[in-house]
Amino acid sequence: MTEAETIARWVNPGARVLDLGCGDGKLLKHLWQTRQAPGYGVEIDDAKVIQCIRNDVNVLQLDLEDGLAAFADRSFDYVILSETLQAIHRQEPLMKEMLRVGREAIVSFPNFGYWRARIQIAFAGHMPVSKELPYQWYDTPNVHHCTLVDFEALCAKLGLRIIERLVLTNGDAVTVLPNLLGSLAVYRVSA
Amino acid sequence: MIVTPQKARFTQPLKLTSGAVLPEFEIAYETYGELNAARSNAVLVCHALNASHHVAGTYADDPDNVGWWDNMVGPGKPLDTNKFFVIGNNYIGSCFGSTGPTSINPATGKPWGADFPVVTVEDWVAAQACLADHLGIERFAAVMGGSLGAMQALQWALSYPARVRNSIVIAATPRLSAQNIAFNEVARQAIMTDPDFHGGHYYDKGVVPRRGLRIARMIGHITYLSDDAMMEKFGRVLRRVTPGFDFDVDFEIESYLRHQGDKFSTYFDANTYLRITKALDYYDPAADFGGDLSKAFARAQADFLVISFTSDWRFSSARSREIVRALLDNKRVVSYLENDAPQGHDAFLMDDARYFNALRAYFGNIAL
């Protein structure tokens, strides 16, 4: 199962979706085609914004670090932050903003507690480089890595409710020792 | 691309926002490409302050006169005339062919001059709708413009919601700020205090308020460029070897502004300048809705593409984001591009690969 399939399963048909850091708009297109869920993407990168337009996806070129002032309270059913959390400088205000604008937030991120990452740090003694985290430490858009445990602690601090969690490795759901064996985490949270 | 300017004449009176009535009027326009059989591929291009209906191509008898948006409009260009039937039009009140202050007032047989009514963006759009009827176009694939042209693209979606499929709004503002109006007022004062202005009735006196027009244009030009672009282009470079300690031209920027002002004052009409700046000042679609732009856009049906430039301080990106917010509040289909081209307000006229590719992609997705 892919992340997109997971998210599509969680999104009610016809729901209004906001995808933060939407890349080329593939997820939004997928949600439109499979769930008839209309949406908007937010993307800062020029080339990706053009790809979104080419993909016929609504895209707004805005900086997430500036907050979500363009969006009214509760104007979306779901606000999605797909593999972008780790590239944001200030997670707390963004999480709050997501749940001001949306009824629920769907957040996914590469799990820094994945055993392969742990081994690279613990035994090879260097920052993890992998399929999920393909960057060198000095040349990465990622600034705040976290593990499942860290993210759940942040949710607790912000008083957010975790409705659902799916942990994946190579497309397979991980239920045993997810913080160790899962490479990607997908959460559904609400205020 | 060789093009030929045309004129459409309308004998039905046009009631203006001010309450005045134009008994008859003409619109100068040009077309590029072919209208398809379904009449579904028409794109109306609206111009900004000092441009005209000559959007693209050149004239057979004037090959150096290239249209003002020739980089954007033409075969294979972002607005591709192999696919679309593009219409450039000159708004009423202009001095480039459509009925304006320099036209003959049928009541007096003399140029309208100061008696030509003040027109608004809404009036321009109403006149353009007459042109659309004349050309047999019920619904535009897109209405597009930059700056003041963008206001017309916005207003089309509000005045004739069913007649616009896409509104493309570039370097726009939903209303002028006090600072914008202030710049316009200084420009108008420069014109009106010129001794050659004669209260707007200068045509029969054989003079033109050239000094006023020069200063108006110089002021305008400052607001079209960003501080960085101006510094990059002119810096503090001197025109002469050492400072003159007098008031002749020392710096390149002074020379540039004087040159722009001189050029402008030879071809632009002062009465038109006054009216266009007033049209800008008055434009405020939210005014009838208690200042609530979201309510103003409730009647829009078009899809929107909004583009701003971060170096534009005349109509900043924040103003475009207000438009985007109002469209989102109304659940409109909208995309927004915030381009960091450095030129300032004038960036909308410049080649920028990202800006052009975005438009190319957008027009490519318009199904006919």
Side-chain angles (χ1 to χ4, degrees), chain A residues 14-29 31-33 36-80 97-98 100-103, chain B residues 78-79 142 165-170 174 292-295 297-298 302-310 312 316-342 347 352-367:
Chain A
R16 282 173 56 77
V17 180
L18 178 63
D19 184 5
L20 305 178
C22 67
D24 63 6
K26 270 205 193 82
L27 176 60
L28 281 167
K29 199 162 185 157
L31 294 176
W32 172 246
Q33 286 167 347
Q36 291 73 51
Y40 301 86
V42 173
E43 180 55 59
I44 186 83
D45 182 77
D46 290 315
K48 289 175 183 164
V49 167
I50 293 167
Q51 284 171 349
C52 284
I53 294 176
R54 206 167 280 137
N55 283 329
D56 223 352
V57 162
N58 293 325
V59 63
L60 309 173
Q61 190 167 27
L62 299 169
D63 189 349
L64 291 179
E65 307 278 3
D66 295 341
L68 303 177
F71 307 100
D73 294 358
R74 291 284 157 134
S75 49
F76 291 91
D77 296 304
Y78 303 96
V79 179
I80 299 170
E97 275 286 87
M98 287 171 72
R100 172 185 68 79
V101 166
R103 205 165 45 77
Chain B
L79 176 46
R165 288 176 57 209
N166 293 274
S167 173
I168 301 175
V169 176
I170 306 169
D292 188 337
L293 196 63
S294 297
K295 285 187 182 145
F297 274 102
D303 294 351
F304 287 81
L305 176 62
V306 180
I307 300 176
S308 78
F309 299 93
T310 53
D312 183 352
S316 71
S317 292
R319 300 285 82 76
S320 284
R321 279 188 236 124
E322 289 174 27
I323 296 169
V324 170
R325 172 66 195 256
L327 294 168
L328 288 171
D329 285 346
N330 286 290
K331 302 182 168 57
R332 298 307 326 152
V333 169
V334 53
S335 281
Y336 172 58
L337 210 72
E338 197 166 284
N339 185 291
D340 64 1
D352 176 278
R354 300 160 301 170
Y355 165 45
F356 273 35
N357 285 336
L359 281 166
R360 197 181 285 279
Y362 192 87
F363 279 117
N365 278 336
I366 296 179

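Chain letters run A, B, ... following the sequence lines, proteins first, then strands; residues in each count from 1.
Looking at D329(B), only its side chain comes within 4.5 Å of chain A, counting heavy atoms on both sides. Contacts of V49(A) with chain B are made by side-chain atoms alone, with heavy-atom separations under 4.5 Å and no backbone atom involved. Using a 4.5 Å cut-off between heavy atoms, N339(B) contacts chain A through its backbone alone, with no side-chain atom that close.
In terms of the salt bridge (Lys or Arg N to Asp or Glu O under 4.0 Å) criterion, residue partners of D24(A) (sequence neighbours excluded) are, by chain and number, K26(A).
Under the 3.5 Å distance criterion, the side-chain polar atoms of Q61(A) are left unmatched by any main-chain donor or acceptor of L337(B).
Other residues, nucleotides and ligands contribute over 12 non-hydrogen atoms within 6.0 Å of the NZ atom of K29(A).
Note: L62(A) leads N55(A), V57(A), L62(A) in heavy-atom pairs under 4.5 Å with chain B.
The interface of residues 317-326 of chain B with chain A, defined by heavy-atom distances below 4.5 Å, comprises R321(B), V324(B), R325(B). Near-neighbour residues of residues 359-366 of chain B relative to chain A, defined by a heavy atom under 4.5 Å from a heavy atom of that chain, comprise A361(B), Y362(B), N365(B). Of residues 37-47 of chain A, those residues lying under 4.5 Å from chain B by any heavy-atom pair are Y40(A), D46(A).
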